[in-house]
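Before I ask anything, let me first share the structure, which is written out below as structure tokens.
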Number of protein chains: 2
Amino acid sequence: MSVTNPVSALIQPLGEMPPESVVFGSTDAMHALRERLAKIAGANVPVLIQGESGTGKDIIARMIHVSSPWKTGPWVKVNCPAIPGTLLESELFGYEKGAFTGAYGSKPGRVEMAHRGTLFLDEISELDMALQSKLLQLLQDGQFCRIGAQEDKRVEVRVVCATNRKLEEEIINGTFRSDLFYRINVVNLHIPALRERSSDIPQLVSYFIEHYNRRFNGRAPMPSAELMKALMRYHWPGNIRELENLMKRYVILGSEDSISGDLRPHEPDLFSADIPVDGQVSLKKITRQAVRELERKIILKVLQHHHWNRKQAAKALNISYRALLYKIRDAGLPSNRTPRSGAHEDAQAAVNETAAAD
Amino acid sequence: MSVTNPVSALIQPLGEMPPESVVFGSTDAMHALRERLAKIAGANVPVLIQGESGTGKDIIARMIHVSSPWKTGPWVKVNCPAIPGTLLESELFGYEKGAFTGAYGSKPGRVEMAHRGTLFLDEISELDMALQSKLLQLLQDGQFCRIGAQEDKRVEVRVVCATNRKLEEEIINGTFRSDLFYRINVVNLHIPALRERSSDIPQLVSYFIEHYNRRFNGRAPMPSAELMKALMRYHWPGNIRELENLMKRYVILGSEDSISGDLRPHEPDLFSADIPVDGQVSLKKITRQAVRELERKIILKVLQHHHWNRKQAAKALNISYRALLYKIRDAGLPSNRTPRSGAHEDAQAAVNETAAAD
DNA sequence: TCCGATTTGGCTCTCCGGATGCACGTCAGT
DNA sequence: ACTGACGTGCATCCGGAGAGCCAAATCGGA
């Protein structure tokens with residue numbers, strides 16, 4: 001999982017991908033995933049890949065590409081959060097001369113570049129509303145429009161999206177369009193977290209050690225049984241990427257001690273709202289958390305209903321304006337929001353276009 | 001003008017539209033809708049289409065267009081929320097050279113492009129007030145004015161609007177002009193949600209399966225009776241679009257298991273974040289209620305785990321013994337004593353009995 | 001039957017988090 | 001410049017949660 005510059009490097013070195021057996025391991029869930037992938041690769045339908053950060057979503061996406069009929073076509077990856085709002089649109093859809101100050105020439109967007117190939121949108125949850133709409137149109141009828149252009153263009157692209165968040169929640173929060181979700185969620189690949197398939201860890205470990213031994217001319221031996229056990233017990237918040245980096249360090253430093261310190265055991269999950277009968281769990285904290293959560297949902301809903309007019313919302317909620325602000329703040333909701341359409345700040349970027357949704 | 005181009009794209013492959021029988025199904029409400037549509041298509045009056053997201057408002061709108069006398073004219077669709085505020089105006093009405101910085105040339109708007117054709121405004125509730133006014137003028141006397149232009153222009157367009165919100169409420173909220181509403185609401189087509197016409201689902205399912213079998217060279221059989229029942233029970237928040245995508249997935253993946261997981265029945269969440277949109281229902285009350293509910297569950301569980309020993313339970317919950325008693329009381333939990341040798345005719349025992357004992 | 005332990009309810013008192021009102025500054029539209 | 005909505009800081013106030021105390025009820029055991 002070479003982390004390259006998110007946007008450049010269009011045609012990525014596919015050769016660096018680890019062999020299939022390593023990617024998938026031997027867990028049931030991953031077997032199912034592999035089969036599913038084989039089935040869907042050939043059909044030109046959008047794919048949504050969901051999985052925690054570091055689970056290798058980009059590798060899966062690339063595998064979809066190379067096993068599809070468009071494998072000879074371009075492979076274009078766009079890492080959405082890496083590009084600030086306004087630029088992302090021009091990056092994706094391109095622009096015509098004079099579309100905005102500084103646009104002296106015209107430029108094709110990534111979407112066009114991906115014609116007859118695969119367009120991979122990483123972290124799609126980060127797209128702002130306006131771009132979501134444009135993307136939706138692209139998915140609905142294969143059309144899009146450069147910024148500042150008069151007419152629509154038509155492309156054929158296979159779209160693969162990835163995210164590490166639960167889009168369902170984003171929809172409830174109002175930060176993701178539900179119609180876009182239904183559109184990209186035709187096929188859903190959920191990649192389990194590494195800790196959920198710890199039986200694959202030995203295989204991965206040996207692969208990485210071998211790989212880095214070769215690359216660094218190392219002689220690091222297989223880890224001891226105890227260390228392997230520790231590796232399997234660890235909960236890997238960074239998933240495979242973390243494992244890979246740890247193995248890299250192990251090979252370079254060459255001693256087990258140098259990494260065993262990082263494997264501190266399973267910290268107590270503070271957010272498990274469930275009712276852990278066993279240990280002491282302050283009821284206060286749980287209820288507090290729950291109240292926050294609930295308030296957040298309600299406030300969000302009411303605010304949306306009132307077009308983010310806080311005064312009205314506060315009145316509707318029967319709390320003081322000031323209190324609502326408090327709650328909004330510590331609910332982590334956007335504290336500055338232009339009233340409509342969710343699109344803020346960019347004065348003049350996005351132009352044009354029908355985009356879909358009914 | 002280059003109108004033809006954008007519009008060429010807009011003259012969409014209507015061939016891809018499902019046959020009428022599928023769009024409408026056999027529900028009474030949809031029959032009525034079809035008749036109504038036939039009646040109004042020919043008259044040059046504005047139409048307002050209301051229906052949840054994904055119910056196929058755009059298809060209906062297109063059907064209006066193709067069955068109207070202007071079917072040879074352009075079909076122009078504008079998705080309002082896709083375009084941030086200021087730009088939408090130039091997009092809709094066009095601008096003259098020099099109207100604002102960056103306007104080096106003049107540009108016709110979508111309204112002009114739709115001359116002698118149909119203009120479809122999707123999600124019209126997202127229009128801001130200023131544009132609502134301009135649109136109102138257009139509807140009233142067929143005139144509009146490019147940004148920066150001196151004189152008005154005149155066009156003949158059939159205007160069709162769609163929204164998934166209740167405009168009546170928007171009016172009350174002051175976010176939609178009532179006069180515009182009356183103007184576009186001359187004919188009102190309300191499209192029922194899919195869940196409200198579940199008897200159409202089998203027909204739709206078979207249509208989609210056939211369609212996608214053909215497109216993907218699939219061999220997916222009709223779903224089993226149980227699956228069909230599940231499909232009809234599901235509440236389809238994404239309406240037809242969701243159904244379509246689910247069927248797509250079914251055809252591609254080829255197994256019922258691959259989709260049955262998505263049909264989980266309408267679970268009302270742990271403590272649902274429901275209602276408050278309607279009237280002003282205080283937030284406090286709701287949260288209070290929710291907290292009670294949650295506390296009740298937790299306390300019950302902890303108590304059971306501790307064999308109804310309140311002292312231990314209180315300690316486990318990190319609250320004072322006394323406080324636990326309070327909570328137990330106003331959670332309506334059995335406040336009786338060791339239920340063992342009940343020489344006591346407690347009204348509400350019922351619960352514990354067997355539980356305690358040791 | 002009596003004594004101590006445990007449980008429970010009722011009653012205050014205190015304390016703190018959250019809610020409020022007010023003042024002031026900012027920003028955008030007019 | 002004026003207005004209205006929004007954001008922030010500050011002093012204040014309120015109510016509910018918690019703690020402490022006491023009395024009554026009940027049980028176990030002698």
Side-chain angles (χ1 to χ4, degrees), chain A residues 282-292 294-296 298-299 302-303 306-341 343-348, chain B residues 84-86 89 100 128-133 173-175 282-292 294-296 298-299 303 306-349 352 355-358:
Chain A
S282 97
L283 171 125
K284 264 186 174 174
K285 278 191 181 153
I286 298 180
T287 53
R288 186 132 168 53
Q289 187 94 26
V291 167
R292 283 269 201 94
L294 181 64
E295 275 188 346
R296 210 180 85 88
I298 294 179
I299 289 177
V302 173
L303 275 176
H306 289 267
H307 296 288
W308 293 87
N309 182 321
R310 294 134 176 98
K311 272 231 164 102
Q312 289 180 37
K315 208 160 25 169
L317 288 168
N318 256 338
I319 58 177
S320 77
Y321 170 75
R322 193 66 189 73
L324 177 62
L325 292 189
Y326 265 121
K327 288 183 186 306
I328 287 179
R329 197 216 296 147
D330 57 40
L333 292 173
S335 53
N336 54 343
R337 188 80 173 244
T338 44
R340 315 198 129 243
S341 85
H344 38 166
E345 342 160 302
D346 58 335
Q348 62 171 165
Chain B
T86 323
E89 176 164 5
F100 45 83
D128 70 26
M129 287 305 225
L131 280 179
Q132 286 178 30
S133 297
N173 287 346
T175 54
S282 87
L283 171 120
K284 276 184 184 170
K285 277 185 186 164
I286 299 178
T287 54
R288 187 131 179 64
Q289 202 164 344
V291 167
R292 284 267 199 97
L294 183 64
E295 277 188 345
R296 209 183 77 88
I298 295 178
I299 289 177
L303 275 176
H306 289 269
H307 304 289
W308 294 88
N309 181 322
R310 289 118 173 125
K311 235 176 193 166
Q312 289 179 42
K315 208 161 20 169
L317 288 167
N318 252 341
I319 58 177
S320 79
Y321 172 75
R322 197 62 194 77
L324 176 62
L325 295 187
Y326 255 122
K327 291 186 187 306
I328 287 179
R329 187 188 9 148
D330 57 37
L333 291 173
S335 60
N336 18 353
R337 215 60 183 295
T338 49
R340 186 179 296 173
S341 60
H344 201 49
E345 70 298 352
D346 45 312
Q348 59 184 149
N352 38 29
D358 70 269

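Numbers restart at 1 for each chain; the letters A, B, ... are given by sequence-line order, proteins then strands. All values derive from a computational prediction rather than experimental measurement.
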Identify the heavy atoms of A:Leu324 and A:Ala314 that sit nearest to each other, and give their distance.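 Reported closest heavy-atom pair: CD2-N, 3.6 Å.
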Sub-4.5 Å side-chain heavy-atom contact between A:Leu317 and A:Lys327: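 No. Closest side-chain heavy atoms not under 4.5 Å.
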Please report the distance, rounded to the nearest Å, between CG in A:Leu317 and C1' in C:dG18.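 The answer, rounded to whole Å, is 16 Å.
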Whole-Å distance separating the CD1 atom of A:Ile328 from the C1' atom of D:dT8: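 Rounded to whole Å, this separation is 14 Å.
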Picking from A:Ile299, A:Val302, A:Leu325, what satisfies side chain to side chain contact (heavy atoms under 4.5 Å, CB included) with A:Arg310?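 Going through the options one by one, the only one that passes is A:Leu325.
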Quick one: what's the B/S/- string for nucleotides 19-30 of chain C, heavy-atom cutoff under 4.0 Å, read 5' to 3'? SB----------
In whole angstrom, what separates A:Arg310's CZ from D:dG4's C1'?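 Value for this atom pair: 14 Å.
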How sharply is the helix from C:dT1-D:dA30 to C:dT30-D:dA1 bent, taking the axes over five pairs at either end and rounding to 10 degrees?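 It works out to 30° between the end axes.
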